[in-house]
Each structure stands twice: as C-alpha cells, then as structure tokens.
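Below, chains carry the letters A, B, ... as their sequence lines are ordered, and counting in each starts from 1.
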Amino acid sequence: MLFSTRSLALFKGRGKLCFPYLCAFKNHQSMPKYSEYKGLNLPNVASEVLKEWEENETFQKSVETRPADKPFVFFEGPPSANGMPGIHHVMGRAIKDIFCRYKTIKGYRVDRKAGWDTHGLPVELGVEKELGITKEDIGKKISVEEYNDACRKAVMKYTDVWNDLTQKMGYWVDMEDPYITYENKYMESVWWLLKNLFDKGLIYKGYTIQPYSPAAGTGLSSHELNMPGTYRDVKDTSATALFKLKERGQQLLADIASKSDLVYHMVAWTTTPWTLPSNTALAVNPRFEYQIIHSFNRYTHEPIGVVVAKELVSKVFSGPYAAVSSENSIASYDGSGKNIPFEVIGSLKGSELTDLEYEQLLPYALPMESPESAFRIIPGDFVTVEDGTGVVHIAPTFGADDAEVAKKAGIPPMLIADAQGNPVPLVDLQGKFVQELGPELGGKYVKNEYYTEAPDKSVDVLIGIKLKEQGKAFKIEKYEHSYPHCWRTDKPVLYYPLDSWFIRSTAAKDRMIELNKTINWKPASTGIGRFGNWLENLNDWNLSRSRFWGIPIPIWRTEDGAEAICIGSAAQLKAECEKAVEAGMMDQNPLADFKPGNMSKENYETFDLHQNHVDQITLVSSSGQPMKREKDLIDVWFDSGSMPYAQWHYPFENADKIDAGNTFPADFIAEGVDQTRGWFFTLHAIATMCFDSVAYKTVVSNGLVLDKNGQKMSKRLGNAVDPFKTLGEYGPDATRWYMITNAQPWDNLRFDLKGLQEVQRKFFGTLYNTYAFFSLYANVDGFKYEEEEIPLNERSETDRWILSRLNSLITEVEMAYEEYEPTKAGRLVQNFVTDELSNWYVRLCRRRFWKGDYGKDKLAAYQTLYTCLEKVAIISAPIAPFYMDRIFKDLNRVTGRLVEESVHLTSFPEPVPSAIDADLEQRMDIAKRMTSLVQALRKSEKLKVRQPLQRIMVPIIDDTFDRQLHDVEHIILSEVNVKEIEYLHDASDVLVKEIKPDFKKLGPKFGKDMKALAAEINAFDADKISQLERDGEIKILLNGQEVEVTTDDVNISAKDIPGWLVAADGNITVALDITLSTALIEEGIAREFVNRIQNLRKDSGLDVTDKIKLQIERTSEIEQAIENNLDYICAETLAGSLDLVSELKGEAAKEVEVDGTITTKIALEKL
RNA sequence: AGUCCUGUAGCUCAGUUGGUUAGAGCGCUACACUGAUAAUGUAGAGGUCCGCAGUUCAAAUCUGCGCAGGACUACCA
C-alpha cells in the first residue's frame, strides 16, 4: 500500500511530463504529419515517385525554372533502338543523369535532348535476318525502297522498351522531342557538314586496300576495326611455302654455294594461305644477311636448297631438323621424317636477291596488267626477323603494305578480268574464290567462318595439301594469332581492294591533338593515353559504306569523274534538280513541292534524302554532262558525330545554338570507354575540322559492366543481367547507388546482386530507419520546424558535432561532384549516414527524442536531425533520385521550409563554414574511442552495460585533452553507464607511461641515425620520460655524439595504471572501477526491470505514449531494488502506478527473468 | 609485339605529401544490447600489401625489371 500511495503522488507529480504527450498527440491528429511506413520498399517508392514526377512535370520544371542564360550543355549519345538495353546501359545512363541532376540543383539549365541512332549495319542485318534475305537479294527479291521501309520500321522496334527503361531507372532526358538520324532535317545538316569538308578540300576518292567484311558486305573504317573485341585470337592454318627460283637465281645461288646439283627456293611464311594464289612478289630486307641451306623437304624427303634470313635459320630449321656441317652427314640422311640434316652452304645480302624471278607458286591466273613484271623478289624495309623466314609473301590485292610496296617496285596486283572486262581480285565481294581457281577452290569461301555449314577442310587446308603434294610446302601447321573481326557480324575481316571516299582527317591531326589537350578526360589516362595515341597514329577516315540504309554521300560526278558537286542542303539540291530538268536530264524535279526556307515539318516531309530517292536524281555539270550520285552511303559514325549540329538542324535552324555557343561545345558527355574511337573520336574530328573547336569539355568514359566473376556479360554466355528484373527487385535507387559507389565509373564493375542487397540494407535501410525514427517522435511531439532556429551555440555538443560533420560533408561532396567523381560523393554520403548520423548521433540522442517535455533541448535535437536528413536528401538526390525525393517531400510537406515541391527543384546546400569545428570533431573522436574502450573493458569483465558502475579514471595528457574530455564527459558517461570520470592530472606516480618516437619529425632531423635513436627512445625508463616532460627536452648520447630530443619529437602516453583494469587506444588510456555497491546493483536490477517492462509494453502493442499501470510480484531479491528506484522505473516506462503484490495471477501476469537467478511476474495494464 | 589500367583479408574495396603496429564493409565465430529492432554494439580469427631488385634513416606508397588479369593498339608476313 505504501507503494501505491507513492505512485499516485508520482502520477500527479509527473502530470506535467505526461500530459503534454497526450495533448500533443491529439492536437496534431488533423495536422500534416510525417509519413510513417511499415517497411522500406524501394521499388514501390520509385514507382510512386515516378508517378508524381509525371503528374507534376517535375523534369520539365527542373529545366525550365533554371535561367536560359546559365546553360550546362550535355550531349546524349544516341543508342540504337533496334537492340534491347542491358544493365550496362543503366550504368552509363546513371552517370550521365547524376551530373545533369547535380548541375540542375547547382542552378544550371540542363537541356537534355534524347536521340536515336537509326542507320547502319546493325539495323540492316537485323532486317535481313527477319526477312530471310542477304545483301545480294536487295534490289532483286526486294526493292531498295521496301528494304529501307523495313529498316525504318525495325529501327524503332524497341523504343518502347528503351523509354520504359529510361523512366524506370530515373534517367531524365527529353524523350518527347528526340533527334532521329533518319529524319530529313538531320540528314540535311549532315550533308551540310560534308559539303563544308568537301569545300575545304578534305574529301577525296581513293582505291585502297581496306578492311572489308564480306559477311556485312561493306568496307569498315579504321575506327570500326578498333572497336573493342574486334581482334581475337584464332587458330589458322599457316603455310611456309617454297618458291622455286628461275634460271638466273638458280645460277647465282649455285655459284655462291658452289653446288650446282641442287634446286634453290625462297621460303616465305603466311598465316593466310588463301592469299597465295594472288602472290605476285616476295619481299626481302636488302640490309639483312640471308643464308643458303642445303636440306630435305620434310614431306617428300627430296633434297632442297632454300634461302632464309640468317637470324631465322635456327627457328625455321627447328623440330625434326638438325644442323650438320659436313657433306658426309648430309649424304647420310636416311630419308625418314626424323633428324633431317641441314647445312649452311652459303650466304648473301638481301640486296643481292632483289630482282630475281621465281616460278609462280599456284598458277591459276595471271595478272591482267603487265604479268611479265610479276613474280620477282623486291626490297622491303618493313621486313623483320621477328618471325617467319625473313622473306615475305606479297599479295597486293589483300594487304595494304603489300599493295604499297608492290606499286613502288612495279609489281602488278593479281587482278583478272571479269565477264565485263573489269579488273577483279581472285576473291569476290562475298569472300568466295572466283571460278578461275577451278573446281577445287572456285566458289569456296576463303574463310570457313563465312559458311553457315562449314566444310571439313578450309581452303587454307586444301591449299596446304596441294602444296605438300607438289613438293612446294616447307611446313604446314596450325598457328594461333590475333585477327580482326567485324564488330557487327563477328566474322573475320578481309583486307580487300575497294574504291572509297575518304575524309582527309590526317590534315587536321595536329589541331585535333592540340584541342584534345584542353579536354578534361575522366580518367585522364584515357585522354592522353588511349585517345592521344590514337590521334598520333591517325589514318584518313574511310567514309564509304556500300550499304542501303544510311545517309547517302551527297556527291554527284560526271562519268569520267572530272566534274563533281557536293550538295549541302535540300534547297541546293532542288535548285540543281531544276537545272537538270531544264537541261533535260530528268523529267521532273523530285523536290518540286519543297519550299526552301520553310522549316515546317510538313515541308520537310515532301521529299526523302535516302538512297532509293536520291539515286533517281541525275544532275547536270557546268559543261552540260550528266552527273550521277556516287553509290556509297556514309559511315554511320559520321551520323552520330554530327549530332551536336544536326540535332538542331544547324545551320538551317537554331544557328545561334552553335554559332553563339549556347549549346556547343558540350560541357559534359559520358559514354563507355569503347566509344573512345567511336563517338568520342567522331565528335572530336568533326568539331575540329568544321568548327575548329572541341565538341566537349569534359568526357567521362565509363568501364564495362562485368558479371560477378569478372567475365564480360553476353547473351551467349547467359550471364547477362536483365536490367528490368534488377530494377524491379531492388529499385533504381539501390541499383544506381550500388553501381556508382562500388567502383569508379572508369573501372570495370563486377556486378553482383549480393552487393546490391548490401547497399539496400546498409545504406537505404539505415537512412530509412533514421527517418522512421525521426518521424515517429516528431509526429508525437508535433514538430514542424515552426519554432525559431535554436542558435548553434545553444545546442548540445552532439548537435554541433553532427552539424559540423554535415557541413564538412556538403563541402566534400560538392567538390567530388565538381570533379566528376561520383563514387567519392556516394561513399562520403554513405559513411556519413551509416557511421555518423545513425550509429553515433541517433544512438546518443535517442532519449532526447522520446524523453522529457517538448523543450529547447528536444527542439534542438529535432532541428538538428531534420537538417541532416534534409541536406542528405538534397546532396544525394543526383545519385538516388527517387528515394531522396521521397524523404525530401515527406519532410518538407510538414514543415514547408522550402518552396520547391521536389528535391530536384531545390538548390544544392551552401555549406556553413562557421559550423565546421575541428576541435569539436576531435572531442567527439575522443568520446567515441573512450566509449569503445570502456565497452571493451566491460566485456572482458562480463559486466553488462545495464549494470551501472561508479567511475572511470583517465590520465590527462595535456590541457587540451583535459578541456576536450570535460566537454564530452556526459556523452561518455551515459553511453557506458558510469557515474563519474576521475581526471588523473599529475599522476606520474600512478601511471606507467610509454614513449614513442615521432618518425615524421625525427626523420628529417637525424636521417641515418634514426634507427639507433628510435631504439634509444623506446628504451627510456620512467625517470627519463618524466625528465623529458619536465624540461621539455633531453640530451641523448648517440654514437658518441650528444643530440637533443624535445617533447615535440616524441609521443608520450599513459599506458597503464597498476592495479586497475586498463585499456588504451593510441594516446587515450582509461581505467575502470569495477567495484559494485548495493546501490549500483539495485540500480542494475531496476534497469533490467525497465527493459523487461518496455518489452512487455511493446509486445502488448502499446503506443509509445500510452501510460500504464504496473503490478509486480514481490520477491525478496527485488523488493529493495524496486523500492529504491521507483521514480526511475515509473518515469522510464510511463507507469502511472507501480504496485508490488504478493501474488500475481491471471493472463495478464507475465513471468520474466530479471537476471540469471531472479524470476518474477509482471502485469501491465493500459491506463 | 607495343601502350594503358588493375593486382592490399575468403569477397568488394579504402589507404593522403613515403613515417615504422596496413584499414572498412560483407561473410565467419563468440558475446552483448534492444522503445531505431528485418536495426545496433564489442571482441576474435583472417595479410608474403603479386614477385624481385633499387632509392631512402624509413616503401603498400617512389623507380626499374618481371608475373598475372583486363582493355586498347598493330599491315604484321
């Protein structure tokens, strides 16, 4: 009864404390509240926020509310919409989006026009597969018109999927008004650019050996050949063939070797035996020494005389061959395949070999042009002794070097006359041998990869067999080497003679190199290394593609090529057509309905610049000759490199955007590193050649997205990650956050769903919990940030600390974004949220939120936590746009602190430098470390944190530490549940001190003597240490010399207090008094009770503000403990009354274990 | 073959201008905490900092030579 009376009194007394809770709760029922959630579902949040963006047109507002005269220019690299997007697109687009969003909240206007790359091979090949046709059928089975229509439709096949991905991942780009490369306006701008180059004399036509893809039916530019993955290691049959010298050679060698009964051969190696029928010369290096060898053919075992570069003799004659030096051993050869002897019988200079003639190796055909000059040995400086034989087989039709060296030496290429009498090589455009090679080889593909069903023996193998049979083979073997493959068809490329248009990009090489130096490459090594090297070795840009679906080359020429015109606009084309009609070249003008100067969509739909239309046009030259369009299309890379201008229909419309620099050059672009020689190059080349400008100021080239084992993702391997599935399961925020924080954009990312889960749980889970914690209590107290901002100096140490950290964070994150280091930014935020905000600030301040009245301290806590959440939401919004917007809105809806309706419309926070307090951060660090130490000590003694202890003792190193510790004393005490800290000031008697040399300070002073000195210092005893401390310096005898060490040169710390339980971390040492008094034990029990009661409250589903009535079954162990801590227990558990009763019965009575030995019953009832 | 990047705990990665005792997260083990609770804390195990040589009083860090992986370059026969 005694207790109940007291508890009643307590209830009255606590009325002040308790009622405001209830009132606050009721009063604010109808007021706006912070949303509370049952759990965190990131995918749902994303789709809800996405809906809000759509309804509120948030993206448009984020652009339009920023001043037009403060642009941040971004170019969107156009994806091709005829393929499905992959997870790597999420990566690439996240990077683009992050910086565009960041610049937006920095107050820039960031227009983001989407684009589609619609032309080119991938589209055509897709269509051909779909229609079941090949390139050869176009114009026969299907008209070019129908074909192009099919392409036009196919190209936008997956636009819906792409748009869907774009939205779901939160990539903000204007999809309403994209640029599309097949539209007339776009093509017209491209023509204008080409004419610009043409007028500058930078476009020419040339007949050269080029990389050619028979499977794709088109030549490839050098940058296409330099796409990643084009060079692959393949095993081919290589042949080392014997070329029999003609009479003059036989004579010469027989004389040098003094051996006339031998047949002499040149030996040359090739990895492409299919080019041997086209051989028209052999090259030797005139400076090398060659040796004449007497040996035997390994296949026929016939004696042979061969010529090989001296340095390669041992390589060529390896395996079954063995060197001998006497006529006898040669003669003793038994004719088997083993131990074939060879002997050097003479040597001569390469220059002596030149001009000797040899017999054609595989005489299927003769060059139609001066065949008498063929089959000679010619000089070639490029011939090395790296591999092969030092004699190089030359097939001018299938090698660029070969063609060049042959031309110089007057050797004809192996071109024969076709049915029309035109010169053609022995391999046709499909990659098949022509019929002249007979039934054995004619009509066969030169590479087995070109077959859908390959025959057993490739032509290389067939040729190898033939050579063996005819005794012309020195060695036939498999050889592994890297060989270029077509980036679209995956089939090997041939070097093939083609007639093409080129851009003389080499003429602008120096300027391109110069301008490149002004570009901010992320990472820099790509710019100076990969891209820089590429520019140094620049080739002319092969513009021609013999395809159908693309932008036609706008050049019309007379048949003899003497007169040519390059068309730069629709208007010009119309005018030229007019002339042609007048001259009777055409019946009517195909652009008759086009009105020059009218930029309407309708007007631009009255004609079509695609091949099937413009090829109908015959123009008239100034001398009255008909002019036909050159048959080629342009490289699609030119399409995409033209986008800065063509997306605005420059210069026909929006001329200011380029000329006044409003949207050119770009401040920022980002694509995969594989675009280095693709889009990054074509943008740069066109900008340099046409505008003498860079196309972009900053470029981020991101790495590949690999699977979790570091393998490249591919559909073939089945390790590709479905972006929709990932976004659906984890949400775009976690996906983006994971990708950005896990690896630097330019490093390859190993994509592992486990990592994604971790981000979801660790970062977003923690942030969500922090918000949930805030909203729970802020709703109870009706905190709406209506009160005056509590000045910083009136806030608690903890508040000022987290605000100091917050402001440091804002500064650092801003810097990271400015430097295009999103990984750094994300990691900074993540550390702040998990380690500092949640695990320290919230942990320390929990009680402030749910205890006590709604006074100044509580208000300060709310304001502080609110500020942190709000700022974190803003600075993280570029990376996690959905969830951060949700947090922002949930906060701002209640407080209305900012007028903006979305986080993406706000401004990046200005850091408050005065809020950053280094000393405070140091103090808090002391508190953290001290807390850890005490907890470690408790653990070692198995003393629960709930058990209060009387005191800890801390040696005081200096005045600063003294002051700093005082300031954070209360934090440490409450964290470790200890009553007091005892400061051990002058404790040299008690403390055992430790001294450590400061190497950084001593190093420069003592150099070599460091080691000895450090040993001396380490060996200091207590006397010496205190002497040093007292005098501030001490003299040490070192190698017979006296040196002086000051307190500055060492770190002295207290390491031990004999007789106490001690722990130390760096220069902080703490001792714990583990004596337990009755009062402490009772308090510990009371705490256990509070814990059990709180658990019961929660289990009973009580609200945090519900008041309760308590009954506890009395036992002798707990009676005193409860009695002496009654106020405490009631206050903690919101108990209006607490009765100790002799026996508790009924369902309400719950049995609880208080500690290992004490058990009792508790009944709890809502009041 | 050349250029560039990467190599640190079982995994993913930090590691400042060189400073001696190399860190974090995840995972693992044990314990604790618990009105943030699908959270949290503490402790433990786990390292040839790829190897070798050099510069230096001092190297994960700088230099050179290798090795492994990746990307890129190359007409390479």
Side-chain angles (χ1 to χ4, degrees), chain A residues 39-40 209 211 225-229 231 238 268-272 275 283 380 382-384 386-395 399-404 481-482 484 495 523 525-526 528-530 532-534 537 673-674 676-677 703-704 706 708 710 712 741-743 746-748 750 752 754-755 757-758 761-762 765-766 768-774 776-777 827 830-831 834-835 838-839 842-843 846-847 849-850 931-932 935-936 938-940 942 944-946 975 996-1004 1006-1014 1091 1094-1095 1097-1098 1102-1104 1132-1133:
Chain A
L40 176 61
I209 309 296
L225 208 60
N226 292 329
M227 305 288 288
Y231 280 85
S238 75
W269 177 57
T270 177
T271 52
T272 51
T275 61
F382 61 93
V383 177
T384 67
E386 298 279 307
D387 43 23
T389 62
V391 180
V392 176
H393 141 68
I394 300 292
D401 243 10
D402 301 32
E404 200 183 312
H481 63 144
S482 79
Y495 288 87
S525 62
T526 302
I528 45 183
R530 191 175 292 188
N533 288 344
W534 166 249
N537 301 314
V673 68
D674 54 346
T676 306
R677 295 180 175 85
L704 303 169
L706 308 170
K708 62 181 174 184
K712 208 169 170 174
T741 56
N742 199 53
W746 35 90
D747 286 337
N748 290 346
R750 289 190 180 197
D752 188 356
K754 271 192 199 151
Q757 284 160 6
E758 191 184 323
R761 203 177 59 239
K762 187 97 189 145
T766 306
Y768 161 78
N769 273 324
T770 307
Y771 167 80
F773 174 82
F774 167 82
L776 175 67
Y777 295 108
R827 285 176 179 173
Q830 191 164 301
N831 289 341
T834 57
D835 295 351
S838 171
N839 289 350
V842 172
R843 189 172 120 207
R846 274 188 308 209
R847 289 175 69 84
F849 289 88
W850 57 270
T931 304
S932 279
Q935 276 167 342
R938 274 181 170 277
K939 182 169 152 56
S940 69
K942 294 200 169 26
K944 292 177 173 180
V945 179
R946 277 200 220 101
E975 268 305 289
K996 269 188 181 173
D998 184 338
F999 291 95
K1000 213 165 184 172
K1001 295 249 173 61
L1002 290 170
F1006 298 102
K1008 267 200 227 5
D1009 302 326
M1010 269 284 287
K1011 248 178 203 156
L1013 185 62
N1091 168 245
Q1094 303 289 32
N1095 287 344
R1097 282 185 62 113
K1098 205 165 130 200
L1102 292 182
D1103 207 277
V1104 288
E1132 287 297 307
T1133 61

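- Taking only distance into account, the side chain of A:S838 never meets the base of B:rA39 through a donor-acceptor pair shorter than 3.5 Å.
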Expected rows: protein N/O vs nucleotides 25-31 of chain B N/O, under 3.5 Å:
residue	atom	partner	partner atom	Å
B:rG25	O2'	A:E758	OE2	2.6

Extract from the structure each pairing of a protein N or O with an N or O of nucleotides 3-7 of chain B at less than 3.5 Å, listing the distance.
residue	atom	partner	partner atom	Å
B:rU3	O2'	A:N533	ND2	3.2

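- Remark on RNA chain B: of its neighbouring residues A:T271 and A:T1133, the 5'-side contact belongs to A:T1133, judged by nearest-heavy-atom nucleotide.
- Here A:Y771 lies out of heavy-atom contact (under 4.0 Å) with every strand.
- Phosphate proximity of B:rA36 to A:R846: present, with a side-chain N or O under 4.0 Å from OP1 or OP2.
- Every residue two or more places apart in sequence or in another chain that forms a side chain to side chain contact (heavy atoms under 4.5 Å, CB included) with A:T931 is listed here: A:W840, A:R843, A:Q935, A:I972, A:E975, A:V976.
- Two residues are said to be in side-chain contact when any heavy atoms from C-beta on lie closer than 4.5 Å; A:P484 and A:Y495 meet this criterion.
- Residue A:R827 is in sugar-phosphate contact alone, with no base atom involved, counting any heavy-atom pair closer than 4.0 Å across all strands shown.
- Closest to the side chain of A:Y495, from the set B:rC75, B:rA36, B:rU12, is B:rC75.
- Among the nucleotides B:rC76, B:rG41, B:rA36, the one closest to the side chain of A:N839 is B:rG41.
- With sequence neighbours left out, the salt bridge (charged side-chain N to carboxylate O under 4.0 Å, His left out) criterion links A:E758 to no other residue.
- Contacts of A:N769 with the nucleic acid, taken as non-hydrogen atoms under 4.0 Å apart, include base atoms.
- In terms of the side chain to side chain donor-acceptor pair (under 3.5 Å) criterion, A:Q1094 has no residue partners (sequence neighbours excluded).
- For A:R847, the salt bridge (charged side-chain N to carboxylate O under 4.0 Å, His left out) criterion is met by A:E1132, not counting sequence neighbours.
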